Structures are given as C-alpha cells and as structure tokens.
Amino acid sequence: MSSMIKFPSSMFCVYSSSSSIKSSIFPKSISFPSSHFNNFKNPFLNCKTPMQNQSFSVLSASKAQDGGVVQDSSFQGSESFFRSVLGNMEAIYLNKNPTAKAILELVRSADGDHICYDHFAFRTFGVNGHGIDSMSKFFLDFGYERREELRFPAKKLKAFWFSPPKVSTSSRGSGVNGSLPRIFISELLVDQLSPEAQEIIKKYTNISHCGKEYAALASAFGILTWEKPSYLEFKQLARESEYAAWTLVNGYALNHVTISTHRLASNLRSIGNLNQFIEENGFNLNSEGGILKVSPDGLLLQSSTVADSTSFEFSDGITEAVPCSYIEFAERFVLPQYKYLPTEKVEEFHRRDGFEVGNADKIFESTSKDQLTRRAA
C-alpha cells in the first residue's frame, strides 16, 4: 500500500464563506496517495506543472470526416480519474447553488435518472496566461478537441468550445457518469478595459502567479488561486464589467452546467415543456432576449435560470451577496441531412453541434444585476 501525503486545508484560499461547505468539502487535512505526487510542487511557490511527463498527456488531436460527421479524438488516460475531477467540480457547484441542485432533483423526480450534460462552462481572465488556455489544458490532455471561436465585442469576451473525446466504453450512466459534456470556456479581453480595471485584475492574477497552471485543480476544490479582493475593487469592476466582477470572486468555479433536454425520456425532452415545468415550480428563468434563445437556423434552443447569490466576505471585512452560478437547458435538433432517420437511430452526432453567439450572449446575462434584481423582486 502506498504511503499517504496530507495537505492542510489552510493551504487553499476558499472563496465560499459557507461553513457547511468548508466542513463537508474541506476537512482539517486532505490525503492523497503519495504515488500520485511524485512530481508535485507547491503551485503557489513555483511553476513546475504536476504530472507534466505522465504517459496520459495529450496526443495530437485529429479529425476524420465520415459522411460529413466529425469524429472526435480518442480519450487519453484514466477515465475514472477524469470523471472524478468532473464530479468534484459538480459537487462544489451544487453545494453553492441550491437552485441548480433543486432543479436537477426536480427533473429526476419527473423523468427518472436520464440527465445528460450538454456542456460545462467556465469563465477566465485573458491576461498573463490566466485565460482560456489555463482551463482548457486539462481537457485537451484527456483528448478533448478545440473547436470554433466565438466573439462577443460588446462584452469584451471571446470563447472557444471543446468537443469531448470518444471513450473506450459506451457509458449509459447519467450526469458526470454519462456522456462526456462539451466544454465552453470564455475569457475577458482585459486589455480592452480601462486602466483602472486592468490594474485590479492584474494585481490579483499576479498574486496568483502560477495558479494559472492549476485552474482545473482550483475548480475541483472550490478555491481561488489569488487572495480575496476588497469590496471596493469588486464594485469598481462590476461597474465596468459584471463578468470581471464575477470572475474576481468566483475564479475558475464551474459557471454553469447544461441539461441536454432531448436526451430526457419524458415530455420534458421538449425545452418548451421543461421551461414551463420549471416556472410552474417557482423558479425564475433568464428573460434577456426572451426566455427561449433560438439560433438563426432554428436547430439550437437554449434557456437558463437566474443565478443564485451567496454571502462573500471581502478582504476589508465587508460581507455582501455576490452572484454565483446557474443552470442551463439546451435542445439540439436533428440536422436536415439526417431527418430520414428513425427516432431510435438518432445519436448525438446527428444533431446540431456547436454554439451560437446570439444565444450565448443572452445566456451570459444569467449572472447580471438586472436578472438578479428581477429574481429578488
């Protein structure tokens, strides 16, 4: 049996002030097999990346065309380890966002255990290596493939989405144990902000130093890789970019998960029915641009809840409510060239893939002050 290494929980900066989360997620010490850390170096003291020479590092991703369908690269490494990391990200997300947890339970009660995730989404700062690449490295190493870029000029954002690899076994599970989700990672174009906003963001990303190398670790443990900001700095950023303020206090936390509605078994597989079901049960949906966001081709339909809020203690001792995360819903229709297929023969690659700038732009508003104010009312 391998020896164990214990890390005191004090080495992490926990961004949640919830004592229940601290006690359940962060015990007095955290133990890992020492064999997992042969190359481990404290991420906040130097820049050596853990496991940088391990055999599961990504091979060059490849795409093959088969009747116009993109075939994704194969999974690299231990699937059980990868799914455990996704599970930790999900657990942190559900502990901080009671609306998401309640809706998942509500859908399961009505539909059974058929929930599949369409995608996971993360936000980042596009400065000094803390942007999209900081989070995407983890997924690329396990066989994900980078796809199209999306631009949001008014919000000063860009994003990439990443398609999941094929796994060796055909998983029929649900949630993080089901089909692997797409990954959507956005970044704030920091150099387009005011000098004052840039100074605040660079202050904290500089404190983080090599924390950018451990974005996935930070997300899986529910921690910030920089110190807590002051309330004044948070408010100053929020006036210019609500995305920036959100990222300052939430870091690499999972911004949202998305239920794939067309994979449900009941009449909730129609996103219109699901939206009605959710609202009838007392939950508010993001109304920006209308409850239902529809792509120009009509093949991608999306909606989302309004984000939860949590109490956050700032470095200057002020405690205020800040926006957390939300849950999204997506229905993807069958592509025109596959309309002839019987329903039971339709698989995910027969459906509309990718993302739509217009839809995503409105989904971003789920954490905005306007939507949170509407929720409170």
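Worth saying up front: this structure is predicted, and the values here are computed from it rather than measured.
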| message | Can you confirm if the NZ or CZ of R146 lies within 45° of the ring axis of F162 and under 6.0 Å from the centre of its six-membered ring? | response | no
| said: Aromatic contact between F82 and F142, with the criterion being ring centroids under 6.0 Å apart: yes or no? | reply: yes
| said: Between S219 (side chain only) and M89 (backbone N and O only), is there a donor and an acceptor less than 3.5 Å apart? | reply: no
| Closest non-hydrogen atom pair between G298 and F333, with its separation | O-CD1, 3.7 Å
| Which class fits the ring pair F355 and H119: parallel under 30°, tilted 30 to 60°, perpendicular over 60°? | perpendicular
| From S315 OG over to L232 CG, what is the distance, rounded to the nearest 0.5 angstrom? | 10.0 Å
| message | Ring centroids only, cut at 6.0 angstrom: are W226 and F125 within range, meaning strictly under it? | response | yes
| message | Assigning hydrophobic clusters by single linkage (Ile, Leu, Val, Met, Phe, Trp, Tyr; side-chain heavy-atom cutoff under 4.5 Å), is V294 placed with I363? | response | no
| note | Closest non-hydrogen contact found for S368 with E242 is CB-OE1, 3.3 Å
| Exam field: side chain S186 to backbone T124, donor-acceptor pair closer than 3.5 Å | no
| query | Strictly under 6.0 Å, is that where the ring centroids of F364 and F152 end up? | reply | yes
| query | Centres of the H256 and Y326 rings: under 6.0 Å? | reply | yes
| request: Count the heavy atoms belonging to other residues, nucleotides or ligands that lie under 6.0 Å from NZ of K101, then report whether that count exceeds 12. | output: no
| Do the ring centers of F120 and Y117 come within less than 6.0 Å of each other? | yes
| query | Are the charged groups of K155 and D361 less than 4.0 angstrom apart, N to O? | reply | yes
| said: Using the ring centroid of each side chain, check whether Y252 and F122 are separated by less than 6.0 Å. | reply: no
| task | Establish whether F349 and L300 are linked, either directly or via other cluster members, by ILVMFWY side-chain heavy-atom contacts under 4.5 Å. | result | no
| Donor-acceptor contact present, side-chain N273 to main-chain N267, <3.5 Å | yes
| Using the ring of each side chain (for Trp, its six-membered ring), is Y231 parallel, tilted or perpendicular to F234, with breaks at 30° and 60°? | parallel
| field | OG1 on T99 to CD1 on I327, rounded to 0.5 Å | value | 9.5 Å
| field | Residue among E348, H350, E344 satisfying side-chain contact (heavy atoms from CB on, under 4.5 Å) with V346 | value | H350
| query | Salt bridge between D141 and K137, side-chain N to carboxylate O under 4.0 Å? | reply | yes
| Can any side-chain N or O of N97 pair as donor or acceptor with the backbone N or O of Y93 at less than 3.5 Å? | yes
| message | Can you tell me how far apart OG (S304) and CD1 (I259) are? Round to the nearest 0.5 Å. | response | 12.0 Å
| query | Is the number of heavy atoms from other residues, nucleotides or ligands within 6.0 Å of CD (E279) greater than 12? | reply | yes
| task | Using modelled atom types only, decide if a donor and an acceptor are shared between the side chain of W246 and the backbone of C324 within a distance under 3.5 Å. | result | yes
| H209 backbone acceptor or donor facing K212 side chain under 3.5 Å | yes
| task | Check whether any side-chain N or O of N286 sits under 3.5 Å from a backbone N or O of T305 as a donor-acceptor pair, and report yes or no. | result | no
| request: Search all heavy atoms of R351 against all heavy atoms of R332 and return the closest pair with its distance. | output: NH1-O, 2.8 Å
| field | Validation row: S325, L254 side chains within 4.5 angstrom (heavy atoms) | value | no
| said: On a heavy-atom basis, which atom in D118 and which in A330 lie closest, and how many Å separate them? | reply: CG-CB, 4.2 Å
| query | Counting N and O atoms only, with roles assigned by atom type, does the side chain of Q198 sit under 3.5 Å from a partner on the main chain of L193, one being a donor and the other an acceptor? | reply | yes
| request: Please confirm whether Y144 and F139 have ring centers closer than 6.0 angstrom. | output: yes
| remark: OG of S230 to CD1 of I200, rounded to nearest 0.5 Å, is 7.5 Å
| task | For Q371 and S287, indicate whether the former's side chain and the latter's backbone hold a donor-acceptor pair under 3.5 Å. | result | yes
| message | Quick check with a 6.0 Å cut-off and a 45 degree axis cone: is K228 positioned over the face of F312's six-membered ring? | response | yes
| request: Could you tell me whether E149 and R151 make a salt bridge, using a distance below 4.0 angstrom between a side-chain N and a carboxylate O? | output: yes
| Would you call L180 and V167 a side-chain contact if the rule is heavy atoms closer than 4.5 Å? | yes
| Backbone N or O of R123 within a donor-acceptor pair of the N255 side chain at under 3.5 Å? | no
| field | Residues E199, K203: salt bridge by 4.0 Å N-O rule | value | no
